[in-house]
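Below is one structure; the comments refer to it alone.
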Amino acid sequence: MACGTCGRAASNVDYEVKLNTGETKTVPSVAEARILIAQSGGTYKAVPKK
């Protein structure tokens, strides 16, 4: 299981990114979540895969 501060991906979670624009996106890795946040600002959290 990965935590929100480490870069290792946990295979059983996705990352839900809430952007400052009000948009919510789900991405498979912390790296992608951080890229979106760097571009638009926002937060992310790990969510179980559906």
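Just the heavy atoms: all of them, side chains too, but no hydrogens, waters or symmetry mates, feed the values below.
Between the CG atom in Leu19 and the OG1 atom in Thr43 there is a gap of 8.5 Å [rounded to 0.5 Å].
A side chain to side chain contact (heavy atoms under 4.5 Å, CB included) with Tyr44 is found for one member of Lys25, Arg34, Lys18, Glu32 and no other, namely Arg34. Exactly one of Asn12, Asp14, Thr26 qualifies for a side-chain hydrogen bond (donor to acceptor under 3.5 Å, both in side chains) with Lys49. That residue is Asp14.
Counting all heavy atoms, side chain and backbone alike, Ile37 lies closest to Gly42 at CG2-O, 3.5 Å. In terms of heavy-atom proximity, Ala33 sits nearest to Val17 at CB-CG2, 3.6 Å.
Contact check for Leu36 versus Gln39: side-chain heavy atoms found under the 4.5 Å cut-off.
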